Undergrad: 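Pasting a structure here, questions to come.
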Amino acid sequence: MNLYDIIFYLFAAITIVSAFIVVNAKNIVYAAFSLLFTFFGVSGLYVLLGADFIAIVQVMVYIGGILVLLLFGVMLTHKITSVDIKAGSVQTIPAVIIIGIFAALLIGLMYSTHWAVNPAEIPVTTTKSLGKTLVTEYVLIFELLGILLLVAMIGAATIARRDGDK
Amino acid sequence: MKTSEEIFNILKEKFGEKITGFETDLPVEPIITVDPLAIKDVCLFLRDDDDLLFDTLMNLSGVDDANGEKTKDEEGYDVISGGTLSVYYHLDSIQKGHKVTLKVSVNRENPEVESVESVWRAADWHEREAFDMFGIVFLNHPDLRRILMPEDWDGYPLRKDYKNPEYYQGMKVPY
Amino acid sequence: MYEYLNNIVGNEVITYFVVAALPLFLVVLPFALIAVLAERKVSAHMQDRLGPMRVGYHGILQTVADILKLIQKEDIIIPQADKKLFNLAPFLVFIGSYAVFAALPFSSKFIGTNAEVGIFYILAVSGFVVAGILMGGWASDNKYSLLGAMRSAAQIVSYEIPTAIVVLTLVMITGTLNLGTMSEQQTAYFWNWNILGGAGEGIQQILLIPFMVVAFTILFISTLAEVNRTPFDIPEAESELVAGFHTEYSGMKFAMFFLAEYANMFAVSAIIVSLLFGGYQSPFGYLGNTLGIPALIPFEQLFWFLSKGVFFVFVQMWLRWTLPRLRVDQLMTVCWKYLIPYAVFNLLIVGIITLI
Amino acid sequence: MDKIKTLDVKTEELVLNMGPQHPSTHGVLRLVVELEGELIVNVKPYIGYLHRCFEKHAEAMTYPQVVPYTDRMDYLASMSNNLGYAIAVEKLMGIEVPERVEYIRVIMAELQRIASHLVALGTYGVDIGAFTPFLYCFIAREKILTLFEMTCGARLLYNYIWVGGLSHDIHPDFVRLTKEFIEYFKPKIVELNELLSYNKIFIERTANVGILPLETAVNYGVTGPVLRASGLKWDLRKNDPYSIYHKFDFEIPVGDGRMGTVGDSWDRYFVRVREMEESLKIIEQAIDQIPDGDVKAAIPRRIKPPKGTVYSRTENPKGELGYFIISDGTVNPFRVKVRAPSFVNLSVIGEMSKGHLVADLIAILGSLDIVLGEIDR
């Protein structure tokens with residue numbers, strides 16, 4: 001067991017435990033904050049896989065952006081306007097069935113795949129090649145995504161606008 | 001610029017019986033006494049008339065005249081029954097530069113005065129204070145609550161026969 | 001540096017822990033100690049007074065006394081507070097600000113992690129600070145705290161955008177996300193600093209200067225806002241929100257927030273220094289080179305890095321004691337209507353210049 | 001679009017309770033603020049936390065004994081409170097005070113006006129987030145307090161201006177030190193303007209914030225710098241002269257809407273700055289002309305005004321301070337009602353702050369310059 005293993009298990013534990021809390025927490029704010037640790041754990045795993053850029057993007061977008069947005073939403077409704085939002089489990093049986101199928105699929109996949117085992121190596125940065133690929137090979141998709149985001153932003157601004165501001 | 005006497009004459013002409021008197025024997029300022037239920041109309045006229053234009057209410061003060069029958073209760077405190085409470089209005093005209101003092105007197109048991117809050121908003125807090133301290137009820141005041149004392153306080157502290165409470169909400173008042 | 005420490009300690013895991021803890025004990029804690037005192041003294045002298053004078057000569061031990069007091073203080077948790085989150089929040093905030101130090105190039109021989117995505121990493125981990133602030137504000141069960149936390153989070157998230165755009169501009173010029181490499185490129189002598197066009201040559205360097213000054217202005221303003229300092233200290237505007245998100249905190253937990261604030265101040269100054277002011281490079285060449293003692297150079301670099309950083313911290317304090325505070329909508333206006341468009345425009349022009 | 005509207009979630013208003021212990025309510029004022037988001041829907045001030053029954057006390061005291069109580073109303077302008085009361089009682093009794101007394105009273109009142117405005121401006125800076133001007137203002141104020149201390153031994157509550165005169169004569173050095181203060185203070189006003197008044201952020205925060213239209217101001221009975229900032233040249237020192245103010249040459253600064261609209265917070269702030277300059281002018285004129293003489297009028301030992309009422313008003317730093325005194329011919333006043341300027345000025349806050357942000361509420365409240373001691377009495 002070397003350092004990488006320790007760190008891997010640490011991050012894996014963080015991810016799984018916090019994900020479990022996300023699903024099970026009665027208090028929705030707890031769920032939101034646990035999501036923070038899930039994201040963090042996942043990004044740690046990315047680092048271990050040598051995907052440093054993806055890891056940072058994970059932290060930046062999910063923790064810095066999406067999670068904060070989520071927290072804003074939850075807090076504003078939950079505390080300020082004193083609306084009680086509780087997360088509970090409904091429809092347990094269908095959920096169990098679906099999860100069971102999904103788990104069986106994953107486990108089956110795990111066993112049927114032939115894993116190529118490589119010795120652990122110091123990861124090489126991916127940023128440069130990633131950037132290059134984005135603006136050469138996938139430039140069309142990149143642009144389309146940009147337009148999509150722009151449209152979404154304009155749409156959001158229109159909806160958020162008050163009637164009186166027109 | 002008009003003297004109090006001229007203003008009194010104008011008011012007397014306009015309102016007749018509602019203007020109950022003119023006290024000039026006092027050393028500094030003459031006072032026009034008005035019927036408590038007509039005070040709002042009088043003030044409205046004073047504010048809007050082109051010759052008078054009393055645009056601000058400088059001061060409004062409640063007074064316990066303590067002119068009723070004084071007796072002592074068993075603990076030696078004064079108890080006043082009958083007599084009047086008064087409200088003094090000091091009006092000022094910024095545009096014309098003249099001043100006048102109005103006074104209304106109401107009987108102590110049922111002190112009701114028409115509110116002038118709708119004439120000058122300045123009266124709002126002054127009337128609340130007079131209500132708080134003397135228990136003078138200002139009719140048609142939009143928000144007549146105690147202002148300086150706690151909302152659940154008993155009695156009207158500035159009345160001359162006010163008796164210091166021994167307890168406030170079950171707590172001993174320490175004096 | 002790892003190899004060197006690894007040789008001494010002999011164990012990889014312990015080495016990592018030592019390396020991780022070094023900035024805390026070598027930089028963050030002493031810096032916080034000095035900065036708190038400096039802030040009090042700077043403010044005092046700007047305001048025609050003396051400041052703390054009792055503890056030690058001219059009060060230099062005042063912060064030590066303060067910290068002792070804070071450690072002893074009762075840890076008050078109001079009964080309505082959400083205890084778990086309330087306790088967790090200061091740590092999260094502190095981790096967020098402390099993690100930044102891992103990627104700061106203190107000297108050519110002393111960088112916590114010489115990660116290729118250094119500057120991007122710094123921008124990312126500050127997300128933890130936001131989450132921590134929201135957590136603290138929410139858990140305090142206090143409207144002022146919550147409002148402060150909301151404002152703070154909104155402010156940090158908004159101002160990350162101009163910061164990121166300016167950083168992108170510089171990444172474009174230097175061609176790297178690595179702060180160590182970036183510093184290395186701005187070799188000794190100040191005319192090689194990025195604020196003066198970088199280590200490039202000829203017309204390109206001169207053309208870049210005005211845009212670099214704009215970039216610096218935007219970066220300075222937006223980082224100032226990110227660390228919630230006056231004139232952007234709206235989240236803890238004491239005249240409106242008492243103390244914002246840390247109103248209910250006391251004792252050590254308050255000290256954590258406090259420490260995080262000062263750590264943050266230095267961190268953003270260090271970012272500005274690394275990006276634009278030559279990082280750890282000396283402005284006038286190295287004494288080690290002149291004297292022929294190469295071993296001296298890393299220490300000189302550490303000195304220059306720290307003094308440049310401290311200079312910008314001083315500027316932050318100076319601003320704090322001079323300027324009034326903006327209002328929350330004006331703050332957002334500054335960010336969205338001025339800084340971001342200018343930053344994007346700046347990015348565009350710099351892009352064109354680098355292509356020439 | 002219609003569909004979006006039907007999806008609108010009904011949001012409740014947030015009720016924020018500011019005070020009675022809050023850093024910028026300038027004392028123990030409680031404001032219950034109803035917010036929609038951060039916009040103010042309604043502000044309700046709750047006062048009375050500092051109620052000390054001044055009016056009830058006064059009824060149990062003799063006329064001279066009331067003076068120390070007046071100190072404690074507007075504790076930032078005790079001299080002016082003393083002056084107002086002394087003038088009211090003198091009016092009731094028809095006493096003329098010696099000219100020397102009048103001069104000293106005017107100098108004291110104007111020094112007090114500067115001191116009071118310095119606190120107002122300094123704390124206003126703190127409200128807006130600038131801490132340094134506050135300390136600069138307080139350094140200057142300390143110098144005035146030292147002058148007062150030299151005169152009457154107290155730094156805050158003076159009990160100096162008595163009915164029919166003064167408690168002591170001025171110190172022999174007073175004239176010289178006051179002149180020194182004037183020379184010291186003139187550049188300080190310029191410094192304050194450079195540091196705070198013309199600061200872009202400060203202007204952004206205060207201009208066009210909390211506009212008080214003149215009509216509303218008059219209707220609410222607002223007085224003092226707050227009224228003048230709304231554009232009305234109304235100063236009792238000129239419009240209803242008392243003491244010897246008619247002898248001095250000074251301007252009445254009014255709000256001119258230079259940075260925004262007439263009657264905004266910046267105007268209220270700046271009217272005070274300019275009033276300090278005018279006060280300096282008055283002191284400069286008065287300080288050289290103090291005649292010799294006694295500092296007490298020839299009044300009976302037992303002050304016993306005749307039966308009657310008087311309403312006397314003076315221009316306090318905060319506005320019109322009125323004393324309504326009813327005498328029943330005994331040594332005790334029958335009724336003393338104080339028309340406190342801050343009491344009236346505060347009542348307008350709800351009107352002014354509607355539709356503004358919480359941060360603006362602080363700016364508006366600060367620009368009113370209230371003192372709770374006077375509001376609650």
Side-chain angles (χ1 to χ4, degrees), chain B residues 23 25-31 47 53-67 86-95 97 99-101 103 117-126 128-130 132-134 143 145-151 153 157-160 162 164, chain D residues 44-53 55-56 59 88 91-94 214-223 227 232-234 236 239-240 305-313 320 322-328 334-340 343-348 350-351 375-377:
Chain B
E23 298 173 17
D25 51 334
L26 298 165
V28 182
E29 44 190 21
I31 295 169
R47 186 189 72 178
L53 286 174
F54 281 101
D55 39 22
T56 97
L57 174 74
M58 290 188 290
N59 191 14
L60 183 155
S61 31
V63 174
D64 181 359
D65 296 323
N67 49 4
S86 300
V87 182
Y88 286 75
Y89 301 81
H90 292 88
L91 314 183
D92 183 18
S93 169
I94 285 174
Q95 296 168 56
K99 294 186 273 188
V100 74
T101 309
K103 175 186 171 186
E117 194 268 350
S118 53
V119 185
W120 300 285
R121 297 296 302 276
D124 182 354
W125 280 24
H126 282 306
R128 277 178 67 189
E129 193 188 331
D132 190 358
M133 294 297 161
F134 296 96
D143 185 26
R145 288 177 290 127
R146 284 188 180 270
I147 185 165
L148 293 175
M149 304 302 287
E151 288 199 11
W153 194 261
L158 275 183
R159 287 197 182 183
K160 292 283 182 188
Y162 178 68
N164 288 335
Chain D
K44 265 192 181 172
Y46 285 81
I47 59 175
Y49 293 93
L50 212 59
H51 183 49
R52 287 147 304 162
C53 325
E55 290 169 9
K56 190 80 179 170
E59 286 171 16
K91 221 173 181 179
L92 193 58
M93 296 173 71
L214 184 57
E215 228 167 84
T216 318
V218 172
N219 198 256
Y220 268 91
V222 164
T223 47
L227 176 65
L232 183 67
K233 252 190 167 50
W234 179 258
L236 296 175
N239 294 76
D240 190 4
K307 216 169 162 171
T309 69
V310 66
Y311 178 75
S312 151
R313 51 182 186 168
E320 173 187 323
Y323 285 92
F324 175 57
I325 301 175
I326 301 181
S327 159
D328 58 354
F334 183 73
R335 167 92 170 105
V336 179
K337 152 92 186 183
V338 179
R339 180 237 190 255
F343 179 79
V344 182
N345 290 358
L346 179 65
S347 67
V348 79
E351 193 77 13
I375 291 173
D376 296 342
R377 281 156 281 151

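Just so it is clear, the model here is predicted, and its values are computed rather than measured. Residue numbers begin at 1 in each chain, while the letters A, B, ... track the order of the sequences.
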Undergrad: Answer whether the closest heavy-atom distance between the side chains of B:Leu158 and D:Glu59 falls below 4.5 Å.
TA: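 With C-beta onward as the side chain, the pair touches.
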Undergrad: Measuring heavy-atom distances to chain B, does D:Val344 have an atom under 4.5 Å in its side chain, in its backbone, in both, or in neither?
TA: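 Just the side chain, heavy atoms under 4.5 Å.
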Undergrad: Starting at CD1 of B:Ile94, measure out to CG of D:Leu232 and round the result to the nearest 0.5 Å.
TA: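 These two atoms lie 5.0 Å from each other.
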Undergrad: Which one, D:Cys53, D:Ser347, D:Pro45, leads in non-hydrogen pairs under 4.5 Å with chain B?
TA: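 The residue among D:Cys53, D:Ser347, D:Pro45 with the greatest pair count is D:Ser347.
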Undergrad: Side chain, backbone, both or neither: which part of D:Ile326 has an atom under 4.5 Å from a heavy atom of chain B?
TA: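 For D:Ile326, side-chain heavy atoms alone lie under 4.5 Å from chain B.
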Undergrad: Heavy-atom distances under 4.5 Å only: say whether D:Glu215 touches chain B with side chain, backbone, both or neither.
TA: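 When you check distances to chain B, no heavy atom of D:Glu215 falls under 4.5 Å.
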Undergrad: Using a cut-off of under 4.5 Å on heavy-atom pairs, state which of B:Glu129, B:Arg47, B:Met133, B:Met149 scores highest against chain D.
TA: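 The answer is B:Glu129.
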Undergrad: Quick check against the 3.5 Å criterion: does D:Asn219 have a side-chain atom that pairs as donor or acceptor with the backbone of B:Val119?
TA: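 Present.
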Undergrad: Which bit of B:Arg159 comes within less than 4.5 Å of chain D, counting heavy atoms only: side chain, backbone, both or neither?
TA: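 It is the backbone, since no side chain atom gets that close.
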Undergrad: Taking salt bridge (Lys or Arg N to Asp or Glu O under 4.0 Å) as the test, write out the residues that go with D:Arg313, two or more places apart.
TA: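 Listed in chain order: B:Asp92, D:Asp240, D:Glu320.
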Undergrad: Which distance, rounded to the nearest 0.5 Å, do you find between the OH of D:Tyr220 and the CH2 of B:Trp125?
TA: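 Nearest 0.5 Å value for the OH-CH2 distance: 10.0 Å.
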Undergrad: Let me know if B:Glu117 has heavy atoms under 4.5 Å from chain D in its side chain, its backbone, both or neither.
TA: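 It is neither, since no heavy atom gets under 4.5 Å.
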Undergrad: Report yes or no: does D:Arg335 contribute a side-chain atom to a donor-acceptor pair with the main-chain N or O of B:Asp65 at less than 3.5 Å?
TA: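 The answer is no, because no donor-acceptor pair under 3.5 Å joins these two groups.
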Undergrad: Can you name the nearest heavy-atom pair linking D:Gly221 to B:Ala122, along with the distance?
TA: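 Smallest interatomic distance, heavy atoms only, reads N-CB, 3.7 Å.
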Undergrad: Tell me, for B:Asp55 versus chain D, whether the close heavy atoms (under 4.5 Å) come from the side chain, the backbone, both or neither.
TA: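 For B:Asp55, heavy atoms of backbone and side chain both lie under 4.5 Å from chain D.
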Undergrad: Could you work out, with ring-ring contact (aromatic ring centres under 6.0 Å, His included) as the rule, every residue matching D:Trp234, not counting sequence neighbours?
TA: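 Not a single residue meets the ring-ring contact (aromatic ring centres under 6.0 Å, His included) criterion with D:Trp234.
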Undergrad: Which value, rounded to the nearest 0.5 Å, describes the distance between D:Glu55 atom CD and B:Leu148 atom CG?
TA: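 Those atoms lie 8.5 Å apart.
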Undergrad: Report yes or no: does D:Arg339 contribute a side-chain atom to a donor-acceptor pair with the main-chain N or O of B:Met58 at less than 3.5 Å?
TA: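 At least one qualifying donor-acceptor pair exists.
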Undergrad: Please assess B:His90 against D:Lys337 for the test side-chain contact (heavy atoms from CB on, under 4.5 Å), listing each intermediate value before the final yes or no.
TA: CA-CA 12 Å; B:His90 292 88; D:Lys337 152 92 186 183; over 6 Å; no
Undergrad: Hey, which of B:Thr56, B:Leu60, B:Val63 has the most heavy atom pairs under 4.5 Å with chain D?
TA: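 If we count pairs closer than 4.5 Å to chain D, B:Val63 comes out on top.
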Undergrad: At a 4.5 Å cut-off on heavy atoms, which part of D:Phe343 comes close to chain B: side chain, backbone, both, or neither?
TA: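 Backbone plus side chain of D:Phe343, per the 4.5 Å heavy-atom cut-off to chain B.
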Undergrad: Quick check on B:Arg145 against chain D: is it the side chain, the backbone, both or neither that has a heavy atom closer than 4.5 Å?
TA: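 For B:Arg145, side-chain heavy atoms alone lie under 4.5 Å from chain D.
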Undergrad: Among B:Thr101, B:Asp64, B:Leu57, single out the residue with the greatest number of heavy-atom pairs under 4.5 Å to chain D.
TA: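 Looking at each option in turn, the highest pair count goes to B:Asp64.
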